[in-house]
Amino acid sequence: MRYLQYTSVETGFTEGETHMSDIQSILDATYEKYKDVTDGTVASYIPELAKADPNWFGIVAVTTDGDVYGVGDVSQGFTIQSTSKPFTYGLALEDNGRERVLEKVAVEPVGKQFNAIVLDEKTGRPPNPMMNAGALVIASMIEGATLTEKLNRILAMFQRYSGRKMYFDGIVFTSERQTSFRNRAMGNLLRSTGAIELNVEEVLDLYIQQCAVVATTTDLAMMAATFANGGVHPLTGERALQAKYVRDVLSVMHSCGMYDSSGEWAYRVGIPAKSGVSGAIFGVLPNKMGIAVFSPPLDERGHSVRGVKVFEELSERLCLHIFQQC
């Protein structure tokens, strides 16, 4: 694999062979390049998210061997928001099987924003599980006798991916629940089509709770590396997801994970990825590494401004694009 190696401020990047020990210097240089970017706006439609410091910025890469490289605010906690969707999608696949999930949620990109209300006219299915409508249906498919049991299963799942105990932020949950008018409307519409078969308020609560799970950039990169490692945590060796479903999750991430910019992302960055309105983006390079970036200011499509720039940079310099020969 080829990459562009950072040598000095004067020299910049030069082409060379990939050595994993060089990843840190590349992350350091990329962080320095983008740390002073002031573009974007912190999400405010969820009041608690508006309190985020726009200067927070962390980059972490974790290899499938468990090597961790990071720079910046890598230990700053944040709620994972929509970056939770691939993980709960995987859990729903394990709980219900591929065909049952496909009956409820399609896997088609639609070029729409994350909260667009788009349903199949014949089946009532949402187009994919990365949009809010699809994620609500997925939340309704998580097994458990009670809401608490379902939440505990989700938290246990995140622990398998991250390697440490996870929890959700009750303050963010309450803030988001009080302003989830559109998601509540979507839930009722999905209930009317039969896509959701359970109590809408309970489904909405579970969905918001999964979005309010707290992680760090290091956690999210480790979770991405678990996907990259075929569903097995690189350090603990614990399986978080069956390998056959890792394929399904990454396929949908690649085509739908960045909403209405998924096509451009696939073109420019070329790795399966998922963003969240807290300012997180994680990407998965199968059999090699997981990468996560956290920076709260968002662009007009709801993606971290610094995060997008970092992924474009790392894709080029580390030759990460899955269709590029290096």
Side-chain angles (χ1 to χ4, degrees), residues 80-110 114 119-120 123-145 147 149-162 166 187 190 193-198 202-204 206-211 213 215 220 222-233 238-259 262 271-276 282-284 286-287 290:
I80 60 177
Q81 297 299 322
S82 285
T83 60
S84 66
K85 292 173 181 174
F87 302 99
T88 52
Y89 180 50
L91 183 59
L93 286 167
E94 286 194 327
D95 282 352
N96 299 271
R98 181 179 294 143
E99 295 309 315
R100 174 60 176 163
V101 174
L102 280 172
E103 288 176 2
K104 294 290 187 179
V105 185
V107 289
E108 299 299 331
V110 292
F114 67 96
L119 303 179
D120 185 279
T123 65
R125 293 187 306 172
N128 65 70
M130 300 298 109
M131 298 176 68
N132 286 10
L136 284 166
V137 177
I138 292 301
S140 77
M141 302 184 77
I142 302 301
E143 288 187 351
L147 179 62
E149 184 178 330
K150 293 176 183 181
L151 175 61
N152 286 338
R153 291 192 68 235
I154 287 174
L155 292 175
M157 171 202 67
F158 281 125
Q159 181 172 336
R160 292 191 293 273
Y161 278 99
S162 68
M166 307 292 279
L190 291 162
T193 69
I196 288 178
E197 301 176 6
L198 304 177
E202 288 193 2
V203 172
L204 183 64
L206 185 63
Y207 170 68
I208 297 171
Q209 286 169 338
Q210 81 177 50
C211 290
V213 167
L220 197 56
M222 186 65 74
M223 293 157 70
T226 299
F227 273 141
N229 200 38
V232 176
H233 192 283
E238 186 175 11
R239 178 164 289 283
L241 182 64
Q242 296 176 45
K244 65 179 180 179
Y245 295 132
V246 172
R247 184 205 74 171
D248 294 357
V249 172
L250 295 185
S251 296
V252 176
M253 282 175 57
H254 190 59
S255 61
C256 308
M258 301 298 284
Y259 308 124
S262 293
I271 64 174
K274 187 71 197 75
S275 66
F282 78 88
V284 179
N287 304 313

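Note that the structure is predicted; figures quoted are calculated from it, not measured.
- Taking the side chain as every heavy atom from C-beta outward, Met222 and His233 approach each other to under 4.5 Å.
- Within the model, atoms CZ of Arg153 and CG of Leu91 stand 5.0 Å from one another, a figure rounded to the nearest 0.5 Å.
- The heavy-atom pair separating Phe158 from Gln210 by the smallest distance is CE1-O, 4.5 Å.
- Contact annotation: the side chain of Ser84 never approaches that of Val213 to less than 4.5 Å [non-hydrogen atoms, C-beta and beyond].
- Here the CE atom belonging to Met166 is positioned 9.0 Å from the CE atom belonging to Met157, to the nearest 0.5 angstrom.
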Q: Just do the side-chain contact (heavy atoms from CB on, under 4.5 Å) check on Ile80 and Phe282 with the steps written out, would you?
A: CA-CA 10 Å; Ile80 60 177; Phe282 78 88; over 6 Å; no
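- Within the 4.5 Å cutoff, the side chain of Glu108 has no heavy atoms near those of the Asn128 side chain.
- Residue Lys150 holds its NZ atom at 14.5 Å from CG of Leu155, rounded to the nearest 0.5 Å.
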Q: Output, in order, the C-alpha distance, side-chain angles, deciding distance and verdict of side-chain contact (heavy atoms from CB on, under 4.5 Å) for Met141 and Asp95.
A: CA-CA 8 Å; Met141 302 184 77; Asp95 282 352; over 6 Å; no
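- Pairing each heavy atom of Asp120 with each of Thr123, the nearest pair is OD1-N, 2.9 Å.
- Within the 4.5 Å cutoff, no side-chain heavy atoms of Val107 are placed close to those of Ser255.
- Using modelled atom types, no side-chain atom of Asn229 and backbone atom of Ala225 make a donor-acceptor pair closer than 3.5 Å.
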Q: Please test Gln209 against Leu147 for side-chain contact (heavy atoms from CB on, under 4.5 Å), starting from the C-alpha separation and ending with a verdict.
A: CA-CA 10 Å; Gln209 286 169 338; Leu147 179 62; 4.2 Å; yes
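- Checked by atom type and distance alone, the side chain of Lys85 never pairs as donor or acceptor with a backbone atom of Ser275 at under 3.5 Å.
- Residue Ile138 comes nearest to Thr88 through the heavy atom pair CG2-O, 3.5 Å, listed as atom of the first residue, atom of the second, then distance.
- Residue Ile142 holds its CD1 atom at 10.0 Å from CD of Glu94, rounded to the nearest 0.5 Å.
- In this pair, Phe87 and Phe227 present their aromatic rings parallel. The plane angle is below 30°, not in the 30 to 60° band.
- Between the CD atom in Gln159 and the CG atom in Asn152 there is a gap of 11.0 Å [rounded to 0.5 Å].
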Q: Given side-chain contact (heavy atoms from CB on, under 4.5 Å), test Ile271 with Val284 step by step and report yes or no.
A: CA-CA 6 Å; Ile271 64 174; Val284 179; over 6 Å; no
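- Looking only at side-chain heavy atoms (C-beta outward), Asn96 and Lys104 stay at 4.5 Å or farther from each other.
- Across all non-hydrogen atoms, the minimal contact from Tyr89 to Asp248 is CE2-O, 4.2 Å.
- Between His254 and Pro272, the shortest heavy-atom contact is ND1-N, 3.7 Å.
- In this structure, the side chains of Ser82 and Lys274 come closer than 4.5 Å at one or more pairs of heavy atoms.
- Looking at heavy atoms from C-beta onward, Val137 lies out of side-chain contact with Pro129 at the 4.5 angstrom threshold.
- Ion pairing of Glu197 with Arg100 is present here, as a side-chain N (NZ or NE/NH1/NH2) and a carboxylate O approach within less than 4.0 Å.
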Donor-acceptor pairs are to be reported for all side-chain atoms of residues 238-246 against protein atoms at under 3.5 Å, with residues two or more places apart or in another chain.
from, atom 1, to, atom 2, distance (Å)
Arg239, NH1, Gly230, O, 2.9
Arg239, NH1, Leu241, O, 2.7

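- You'll find the side chain of Asn132 reaches within 4.5 Å of the side chain of Tyr207, heavy atoms only.
- Minimum heavy-atom separation, Ser140 to Val203: CB-CG2, 3.7 Å.
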